[in-house]
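Take a look at the structure below.
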Amino acid sequence: MYSVHEVNSMPDDRFVWVFGNVIELCKDAAVWVKKKRPFNRLADLCTEFHKYLDNLSVEEKLVILKSHPDLAGRLAALGELTKESTEEQKSAGLDKINAEQKSIINACNERYKFKFGFPFIICARENKVQSIIDGLHSRILNSRDQEIETGINEVKKICKLRILDIVNEN
Ligand SMILES: NC(=O)N[C@H]1NC(=O)NC1=O
């Protein structure tokens, strides 16, 4: 764990290495946020990553959404998730689902992607298998614009929890 002070004094390339996946596969966010140093508080660091997301165009937001792996999907089965995503999916219990739950989640993920053109994203650490299934069933009824917004909000939650694994307040 790093202190905020250590984060402020890290060499640029180290900052990008340490924070390069707090938004899944989006090093550019860390490159942008590093220039906002120094931070007074841990919360300010989170806010800058969130601002990075808010400033993106819709097209750029779609790139971020599309960089996320499906929950309980092909990459998970192959063991090819990022280490962060692996832990998150585990924490929701997705590594221990039965065949029926897996086929429901997979079918809903496919339907969602077919409707919206990007994957269903939810902060796995704030959910369990059933609430993820419930989310898949209810969110597919939303409009595409609503789901772009909801997806990015979930990316913000994932991002904040990833930062809290790296930095402590003092
Ligand atoms: N599809 C999706 O929500 N993926 C993500 N959610 C999460 O908590 N970690 C992820 O990789």
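Every number for a ligand or one of its atoms is a count from 1 in the order of the listing.
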Fill in: Stacked cation flag K34 on W32, 6.0 angstrom / 45 deg
no
Worksheet item: Who's the nearest protein heavy-atom neighbour of atom 8 (O) of ligand 1, and how far?
Response: A124 N, 2.8 Å
Worksheet, complete the sentence: protein heavy-atom neighbour closest to atom 11 (O) of ligand 1 works out as S85 OG, 2.7 Å
Worksheet item: For P69, is the nearest heavy atom under 4.0 Å from an atom of ligand 1?
Response: yes
Discussion item. So for ligand 1, is E88 a polar contact partner (N or O within less than 3.5 Å, distance only)?
Written reply: yes
Worksheet item: Between I158 and ligand 1, is there a nitrogen or oxygen pair with a distance under 3.5 Å?
Response: no
Item to complete: Could you walk me through whether E24 and S85 pass the side-chain hydrogen bond (donor to acceptor under 3.5 Å, both in side chains) test, one step at a time?
Response: CA-CA 8 Å; E24 185 81 2; S85 187; 4.9 Å; no
Worksheet, complete the sentence: Looking only at protein heavy atoms, what sits closest to atom 6 (N) of ligand 1 is I122 O, 2.9 Å
Practice prompt. Would you mind listing which atoms of ligand 1 come within a distance below 4.0 Å of any non-hydrogen atom of L71?
Written response: 1 (N), 2 (C), 3 (O), 4 (N), 6 (N)
Discussion item. Taking 4.0 Å as the limit for heavy-atom contacts, which would you say applies to C123 with ligand 1: side chain only, backbone only, both, or neither?
Written reply: backbone
Worksheet item: Between S57 and E60, is any side-chain donor less than 3.5 angstrom from a side-chain acceptor?
Response: yes
Worksheet item: Hey, are E110 and N106 close enough side-chain-wise for a donor-acceptor pair under 3.5 Å?
Response: no
Worksheet item: K61 and D54: which non-hydrogen atoms are nearest, and at how many Å?
Response: NZ-O, 4.0 Å
Worksheet item: Within the distance-only criterion (no hydrogens, no angle test), does the side chain of Q101 pair as donor or acceptor with the backbone N or O of N98 below 3.5 angstrom?
Response: yes
